Amino acid sequence: MSYSWSSLLPLLIVLSSLIPGMIIFTLREDQTTLRVALNLSAVSAKVILVGLMLFGVSQGQEFRFVMPFLPAGNLILHGDALSLQFVCLSTILWLATTIYAIGYLESSPLRSRFFGYFSLCVGATVGVALAGNLVTFLLFYELLTLATFPLVVHRGTPEALRAGRVYLAYTLSGGVLLLMGVSLLHTLAGSPDFTPGGYLQSFTGEQSPSLILAFALLIAGLGVKAALIPLHGWLPQAMVAPAPVSALLHAVAVVKAGAFGIIRVVYDVYGIETVGALGVHLPLMALAASTILYGSVMALRQQEIKKRLAYSTISQVSYITLGVALMGPIAAVGALVHLVHQGLMKVTLFYCAGNFAETLGVHNVHEMDGIGRRMPLTMAAFTVGALGMIGVPPIAGFISKWYLGLGALEVGAGWVVAVLTISGLLNAAYFLPLVYRGWFSQPPSQWPDEKPLGKGNPGPGETHWMLLMPALFTALLALLAGLLAGSTFSPLAWTQLIINREFGL
Amino acid sequence: MSGLWWLVVLSAPLLASLALWWRPTGTMPWLWLTCVPALLASIWPPAELALGPLWPGAAWGIEDNVGQVWLAFTAVLWGCASCFAVKDLADDTRRLRFWTFWLLSLAGNLLLILALDLASFYVGFSVMSLAAYGLIVHLRGPGPRQAGRLYLQLAILGEMLVYAGIMLRIHEAGGTLMLADLQELPISQLTAALLIVGFGLKAGFWPLHVWLPLAHPAAPAAASAVLSGAMIKAGLLGIWRFLPVDGPVIQSWAVPILTIGFISMFYGVVIGLLQTKAKSVLAFSSISQMGYLLVILGLAWQHPDNRLLLAGVLAMYAAHHALAKGALFMGAGLSSHYRLSPWYWAAMLIPAVALSGMPFTSGAAVKTALKKAMEEGNHALFISLLTIGSLGTALLVFRAVWLMREQNAHPVNTAVHPSQAVPWTALCIAPLALPWIWPELRDVLVYSLDLHSSWSLFWPVVLALGIALLAVRLGIDSRPVSRFLPEPARWLSLRLKKLLRPRQARKRAPRGTSWRKHERHLNRLFTASSVSSSAWIIGALLLVGWMMAI
């Protein structure tokens, strides 16, 4: 078998974070410069490779890497428009998070271990995105589970270890369900490539019960990571992880891998028509809608900033699932674009929460009083993220809500607009108090645990620049993604390209 | 002018906010310049501009008389208020925050006026609503805080209702994103209700006014002026633009809207007269005046043939009220800071009597125009209600001016800074000058000058003056009554805040929710023997799957 550059590119993209990860494991703790250089060069290499692929795909070029793996199940890496959406998101956020993590962990122990697994985690995420069939998807999905565990327990405290155990129990069980679903489909149809419109149409009818069972298994397995109720229990507990990990976990890596899997299963394995014929989208829709409301209500009850953000993730990621389950092209645009928008906004919020905790020792909502006067730039980024989550225009979240609402009405599901409206109200109820406290309350005479990061005065030196810059960068992206939604390089434009290809419009 | 001018109009306030952070003290005195591009655009309207790169469907421009007038008075009022506010905030440590919110609200307000598509209107409306919160809570203390809380709660509620309404409206309209198309397309009952309530929460008519009497007086004087003059009218513009011209649903809403309009008109007067602070009286006067605008809207719905005429009346009334109310709010601000000379009090009376429809002012012109429109619809009752309304308005503004005088006793500072005196005087003279520079308004004013019309406009003002003087002579005091006025909205708002505040979770955990208990239980189940239990589940499921497959 001969390989051309276009078939090797997907592999190179995956390896560009796996191999540096492996090398970082071998580094000594004090080889800081080498490690940072390795990290940054891996990120830059990946950005260039992904840029190349993005250009190719937009020109209609095919990127496909095949390697024999299982009988009737090759290892396929395939760069199409949908996978590129997820790859781009993870690459950009990895870039920001790497810088953030370097600043965050500047003087803490076990950095080699951390950055090693960190790179593996991103490699696995990109693998999930580029996977060309279910078997490959499963492989990287499991790799992601394993690579993330050491990051969750990184601090090593009893609390972290307990959270890690819960995380592992949930995700491994989910992985097993997914494995069963995949193997069931594999025995039925083998593991052909993901195809727009699905490859299971010919099996409806006699095999419908198996298809329904396999769908339930797949969704249950993916739903663990996508934090659908009642499988969400691990997510709020995994909050003990360091801030960059939480950021990555919530914005791209784990949660999004689940949501992305659901998108793949519905669009490219079963296909819209088959899912509609089996009627399995209705329970999924109900589940997603109740998760949206449940997550919002639970978020209201949290005192800890990161916990509140975690429940907010549960709610927001289900927007994606809901949009997919609505089965219409406009709702699909809303779902896919929210994959990116939620990532940008949530990562911003977690960076900011991390900045507050690291710089001033602020962990709880009521400690945020007047923080905008001490850290105005971080608070500004936080405000952009929070308002975007509520769906306030012109920040990215409003574009998602706009398309989800219109898409729901298009398929005649008017009640979804009510769900989105109530969720918006609840979002406002748990995000606006934070914004209010930050900007309008009186700051305390002394912060809980102030550390000498940066220059210590409000403005560009309010904290370490490596902590501040990523937050500002992603907040700006979240703003621009909404403001310039109609431009050709926006997530919305790319999403419309995907949907046109998926729905054959 | 080229359509690109619209970009200048909107980027002016946004760029100014950047300049503000870079060099605060140097920029502040010149912030009023950010309104000049908008004013120029309203005089010489640029071509329409479609903005592909922005949100879907974005297009800006002015396509009717209403939009043009709206943009003009908004720009003038914001410009004067910007100039006025500088001195008030000169020693304020949080002025940077104030100006940032100010410029954001300004940008939102301008955007919603020049929006030709739904999304732009929604963006502008939301930005303005939320940024205005920063203006309301600017002064410290429990009053502004509670007012701001109630404002924000209702603004968010309105925002979400508008969101739902817009979604339904686009769907009903077959996916069109342009506001102009909506004028002809039918609407459903639910959509109409969502949009009227959603926008009505901003427009502040009875019974959706509850936030207004708290919020408008709580802000600094310049901010009250723009809140009551310009921003409040955005809600009405929204209803005007989003609902169709005619149709069975619109017809069924016409009478309720007219009724609500008249109730607001008199409710504002009655409750306003009981208030003991000048700015509160003025806020209630705004509620009453929004009633007039609502009546115009209701008439336009009842008589779609008359819409063009009524659109003109609506624009005139909105402009007249914005400038006069702005002048009065700023005057209230002046009177609490300075000991004003009689000249100032004379100037203050111009917008006051103009609001009540005194002949030779813009008030006389707009009231006559409204009466003319009512005559064409054969509403004799409405015309007499309008005359009584003028009496009420006159009483209300006289009370406001009287309260300003009363509260003016303390300050010793007599020299009003020119940066405040000039824009304020300009606004005070506006009711006299406006008819002479605006041909449509001049025509109605000339029409109102015959003896009969003049007399019907004149006697309510004189009668109100007589009643006011009598009340002062007899020493009638509303203080005992006003203390017992219920404020259910403030109470509900506090309850809501307490309801939403997370309880001290740790302490209440034992008798907390049962959800969490079950969740924990489930977690424990998984941690202890996850491998073996998973193995069992796998086995069982494989069996089921295998049986189904064969």
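The model shown is predicted, which means the values in this text are computed figures rather than measured ones. Naming: A, B, ... by sequence-line order, numbering from 1 per chain.
- With a 4.5 Å cut-off on non-hydrogen atoms, B:Leu51 does not touch chain A at all.
- For A:Tyr403, the part lying under 4.5 angstrom from a heavy atom of chain B is the side chain only.
- For the pair B:Val544/A:Met180, no side-chain contact is recorded, criterion being any heavy-atom separation below 4.5 Å from C-beta on.
- With values rounded to the nearest 0.5 angstrom, B:Ile156 atom CD1 is found 5.5 Å from A:Ile390 atom CD1.
- Atoms CD1 and CD, from B:Ile170 and A:Glu410 in turn, are 12.5 Å apart once rounded to the nearest 0.5 Å.
- Neither the backbone nor the side chain of A:Ile330 comes within contact range of chain B, judged by heavy atoms closer than 4.5 Å.
- Among A:Glu206, A:Gln442, A:Lys401, the residue with the largest count of heavy-atom pairs under 4.5 Å with chain B is A:Lys401.
- In this structure, B:Tyr163 contributes its side chain and A:Gly391 its backbone to no donor-acceptor pair below 3.5 Å.
- More than 12 heavy atoms of other residues, nucleotides or ligands lie within 6.0 Å of CD in B:Gln189, so this atom counts as buried by the packing criterion.
- The shortest non-hydrogen separation linking B:Arg145 to A:Tyr436 is CD-OH, 3.0 Å.
- Residues B:Pro56 and A:Ile399 form a side-chain contact, since some pair of their non-hydrogen atoms from C-beta on lies under 4.5 Å apart.
- Comparing A:Gly372, A:Pro394, A:Ala493 by how many heavy-atom pairs each has under 4.5 Å with chain B, the most go to A:Pro394.
- Neither the backbone nor the side chain of A:Leu168 comes within less than 4.5 Å of any heavy atom of chain B.
- A distance of 11.5 Å separates CG in B:Leu130 from OG1 in A:Thr383, rounded to the nearest 0.5 Å.
- Between A:Phe398 and B:Trp55, the ring planes lie perpendicular to each other; the angle is over 60°, past the 30° to 60° tilted range.
- In terms of heavy-atom pairs under 4.5 Å with chain B, the best-connected choice from A:Ser183, A:Pro376, A:Pro393 is A:Pro393.
- For a residue to count as touching a neighbouring chain, one of its non-hydrogen atoms must lie under 4.5 Å from one of that chain's; by this rule B:Arg149 does not touch chain A.
- Taking CE from B:Met160 and CD1 from A:Ile422, the interatomic distance works out to 11.5 Å, rounded to the nearest 0.5 Å.
- There is no contact between B:Leu496 and chain A, counting heavy-atom distances below 4.5 Å.
- Of the atoms belonging to B:Ala58, not a single heavy atom falls under 4.5 Å from chain A.
- Checked against the 6.0 Å centroid threshold, A:Phe440 and B:Phe98 do not count as a close aromatic pair.
- Within a 6.0 Å sphere centred on CH2 of A:Trp415, other residues, nucleotides and ligands contribute more than 12 heavy atoms.
- Note that CG of A:Leu406 and CE of B:Met167 are 4.0 Å apart. Values are rounded to the nearest 0.5 Å.
- Heavy atoms closer than 4.5 Å to chain B are found in the side chain of A:Leu492, but not in its backbone.
- The CZ atom of B:Phe101 sits 7.5 Å away from the CH2 atom of A:Trp439 when rounded to the nearest 0.5 Å.
- Only the side chain of B:Tyr133 comes within less than 4.5 Å of a heavy atom of chain A; its backbone N, CA, C and O stay farther away.
- Interface summary for chain B: among A:Val417, A:Leu484, A:Leu483, the most heavy-atom pairs under 4.5 angstrom belong to A:Leu483.
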